[in-house]
Amino acid sequence: MISRHTIPFILVIILIAALLRILYLDKVPQGINYQESTLGWRAQNLINFGKDEYGRNLPFFFSSWKDIELPQATYITLPFIFFQTNSIFLLRLPFALAGILSVLGVILLTQRLFPEKKNLALWTGFLVAINPWGVWISRIASPEILGFSFFIWGLYFFYRYKKSILNIALCLILLILASLSHKVWLIFIFLFSIYLFISKKKKKITASIIFFTLLVILSLLFSKFGFQSLWENDLAIFKEIDWKNNLDSLRGQNVAAGYPFLGKLFFNKSFFLIKILENFLSYFNIGSIFARGSNPFYGLSNFGPMLITLLPFFIYGLKKAFEEISRYKVLFIIFLFGIIPSIFLSSAFESSRFLVALFPISVLVSLGIVSLNKKYIYPLILLVLFNFSLITFDAIFKEPKRSEIIWNPTTTEIAEFLKYYQGKKVWLTDKIDNNPGPAIAFLNKIPYSYSNLENNQPYRGWVSKLDTLYIGDINQLKENKKEIRYYIFSKGEINKFKCRINHGSIGKEEQKYYVFEDCGSNF
Amino acid sequence: MRKKVVLFLIGIIFIVGLFLRIYKLGSVPVSLTIDEVAIGYNSYSILKTGKDEWGKAFPIAFRSVGDYKPPLLIYIMIPAISVFGLNEFGIRITIALIGALTVLVIFALVKKLTGNPIIALITSFSIAISPWHIRYSRSTFEAILALFLVLLGIFLFLKSISNRGKYLWLSGLAFVLSMYAYHSERVFTPILVLSLIIIFNKEIRTFWKQSLITLVLSLVVFLPLFLNLLTPEGRTRANVTFFTKDYEINRFLYKKNPSFPQNILDNNFLIATNFWFKRYLDYFDLNFLFVDGMGYTIPKAPDVGLLYIIELPFFLIGFYLIFIKQLFFEKKIRVLLFIWLLIGPIAASFANNAQHPLRSLTSIPVHHLLSAAGIWFIYEKLRSQKKLTFFAATLAITIYCVGYFMNLYFINFQYTYSEHLMDGWKQAAKYALNNHQNYNEVIIDPRFGTLGPETVGIPYMYLLVYGKIPPDQYQNDPRRKEAYDSSNFSNFTFRSIELTEDKDRKNTLFIGSRWVLPVEENQVLERFYLLNGKEILRAATVK
């Protein structure tokens, strides 16, 4: 139970979490990345036409630029952007709210799991509220934070469950919703439910969740491009061409050196087991969690997901937890099961895929803090505040420059620019972004039917045509090039073409693009 | 376990360790590296003249190629070079023997720490077969000597604690000498000694006379090194390799201090500290330690860690038992091991290059000790009939791992990295030495590489080593004295070849890579190949 005197503290923590997640939501992170814009454009089309960007009627599985996506994030976005369908702020808002709610959920869950530890829940909530891991991922339209929030609340109701129908319903709904946020969460909740089932905890509920998640996994496998998506993304370790080639080369060297038997004995497919282990171990690298920068898509590129000043407390908390391992077993189970969905990837540690660990790691840090002598608390707070200020300063003033290649704020400027050229044929270089089409379509409210996306395309749909806008390599443009009126080039392409009229530039420095007119006869 | 059995087993382990360190020592690694030829020839030079290659008598820091090498190994190698000569085996054997002796010292140390001969045996066996330790014991890496002295220092220190300070002066001497042996120890050893003094201060106070003698003796021995470190030459190495020189961080540092409020939240100290944390914590990466830290193969290929992968579960169990469950050792020893584990990578993390196995060698004994403790614990917990199965299975997997490492190191590593191991320079040097009298001048370009002339070698040193050029002759060669940093001697000139300017040189032999000698086929006199068959150098004339 939460005591009355802790409520003001909880409110302050929630307020901090809200400020960090809502302030300048449309400007930080800068621009809009292709995953967000795909989500927004899809939601826009669903609101306006009841169809996704491929023209499919209210589908369960969506296709994105990179992957097959589960439905939860898209459908949750719909009510938020209903009144202003091209607002970046409203697109990100449900995710920010999920982030704020997850802080409250963490406090309640920690209190429920470890009621005997005074202030543990408050510290855990505070850490989730301020750490870059939770803050940054709540500020982008990323389904992982929805999964985290729903899981935390679902788990809270799971442990709170007292045979009341409402509790059972909430627990089931929330955990099922969490599993529908992202494939990582689907697999994690499936595995975690099996653990709960085996450890004889509320078997009916866990069995229901296992059944449902298994059904979704099977549906995903048999859906269009579902297996391909799993094979190319989540099981990419088995199709990594470099590893195959390197294995072959090592065996070849042995043959050249006269020991073909040794080559076969030491360099064979068992190497994939080592690669899986390597991926697994990468999640135990404390440097990745406390110091090494994240993928700028999901975190800060120069700082770890957790504040570095918390590391000593994490180690102390870990020691304390190990001393009473049966008491804190659930934290280690969540941590270990959280790794499994990512061990078959071709790359190692990825903070967004491991968001579930934010909870156990925050609890362990807090355990270290509350187990310490009280005289250390004030210096600790000062240290954490300084560390937090340092990161906030960097996130606001320096990170935008470092991550501009990923976030490419110029895409939004180009979308704005293109509004004035509606109806005229414009060509846009493909050097600008990974896939700028969805961002332009979302911001300029271009319907799906004006694009080149078709239902029979695989999930990596490149938007090369949006009404009168063409995006791509100029040499591969199938349209009559002479009909194109305006050209938008990257810096490196200017000298390749001789255009007659220069309309100036869009963007700044490295992300600068140039608008020209009348280049038709030069290709 | 009976004393005789323990002695027999440690004898076997020592022989295994020695074998793995001296087997094919003359031919694996495939070539003497830059450091090896430089250390070898300077040692030879001291043997013959009492001076280094530049003519300085008994230096504290060897100028060599401008990196001011630590002196101890160069002096210690003298007997071996006088016995075996100036060749691959003669240059490498000293470190190989010290590497093998480390196996014995670690046995003594762990036995002293734990009082358990089985854990001591497993630890020493683990180091005897360690990919981390074997590789560096087979080349003239000063870190092996420094580690040996640190281990000896700790052992003697702990022995002194139980002997009222009897061996304390020897311990102090070993610690100070370790700083003469390798740069990393100049950071590591003082912190370790300070930790030992703090941890065992009660005991030390009981034999304060011996402590005082040790302090005075250590300071006296340390003084020349200290004075040398105050000079610009003495600081060269630290200045050149300090981590802020690394491109990864250097480009983010401000050349001018930023203004307020930036200088509170955004200054070079904070930027560098933040970066340093990443570097430091990377040394605790389990993948680096157990999966791919040695870098014997190209990225994304099977590799080996600093320890074998089989040791990982035992390491984790050992860590859990010692530091969490607080078994095996008394509190002081646990604290010492924990501090040792933490400070081991400090020097390495302050230097350039991430995850540098050689520079972090100082922490190796703790890793091996933890995994040995894990093995012993499991063995003890098993029922007697399962003990044999466990022993056999562990031994079988270990043998497989050692075989894998041997194959990787003795074959693949030599093939893949023969260029980095300076393969080709020996052949080129011998060719130049055999033919130089036929030419007015032999010009050798130090730049080379299969993908471009990106690496700069020290060809003059290969000529000095393989020509066994008498050091006094080289030191007094008039061409050598032409300039402060001239290494030219006889009719050998070491400089960049510029064919646009050199094309008219008559009766001149050019040796360099194909990038600097893109001459006609008929002008190429000889080609020098890497182990993997790629051409690395060629000899040619242009007129």
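Within every chain, numbering begins at 1; the chains are lettered A, B, ... in the order of the sequence lines, protein sequences first and strands thereafter.
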(request) Could you tell me which portion of L531(B) (side chain, backbone, both or neither) has an atom closer than 4.5 angstrom to a non-hydrogen atom of chain A? (result) neither
(message) Do I324(B) and I325(A) make a side-chain contact, defined as non-hydrogen atoms from C-beta onward lying under 4.5 Å apart?
(response) no
(request) Heavy-atom distances under 4.5 Å only: say whether N532(B) touches chain A with side chain, backbone, both or neither. (result) neither
(request) Could you tell me which portion of Q414(B) (side chain, backbone, both or neither) has an atom closer than 4.5 angstrom to a non-hydrogen atom of chain A? (result) neither
(request) Give the C-alpha distance, both sets of side-chain angles, the deciding distance and a yes or no for ring pair (Phe, Tyr, Trp, His ring centres under 6.0 Å) between F290(A) and F277(B). (result) CA-CA 9 Å; F290(A) 288 92; F277(B) 273 121; over 10 Å; no
(request) Report the option among E323(A), R292(A), R402(A), K319(A) that has the most heavy-atom pairs separated by less than 4.5 Å from atoms of chain B. (result) R292(A)
(message) Quick one, N412(B) and F267(A) - any side-chain contact, counting heavy atoms below 4.5 Å?
(response) yes
(request) Pick one of side chain, backbone, both or neither for F322(A), based on which atoms fall under 4.5 Å of a heavy atom in chain B. (result) both
(request) Could you tell me which portion of F323(B) (side chain, backbone, both or neither) has an atom closer than 4.5 angstrom to a non-hydrogen atom of chain A? (result) backbone
(request) Would you give the length of the straight line joining atom NZ of K300(B) to atom CG of L247(A), rounded to the nearest 0.5 angstrom? (result) 13.0 Å
(message) At a 4.5 Å cut-off on heavy atoms, which part of D285(B) comes close to chain A: side chain, backbone, both, or neither?
(response) both
(request) Decide yes or no for L311(A) and L281(B): does some side-chain heavy atom of the first lie under 4.5 Å from some side-chain heavy atom of the second? (result) yes
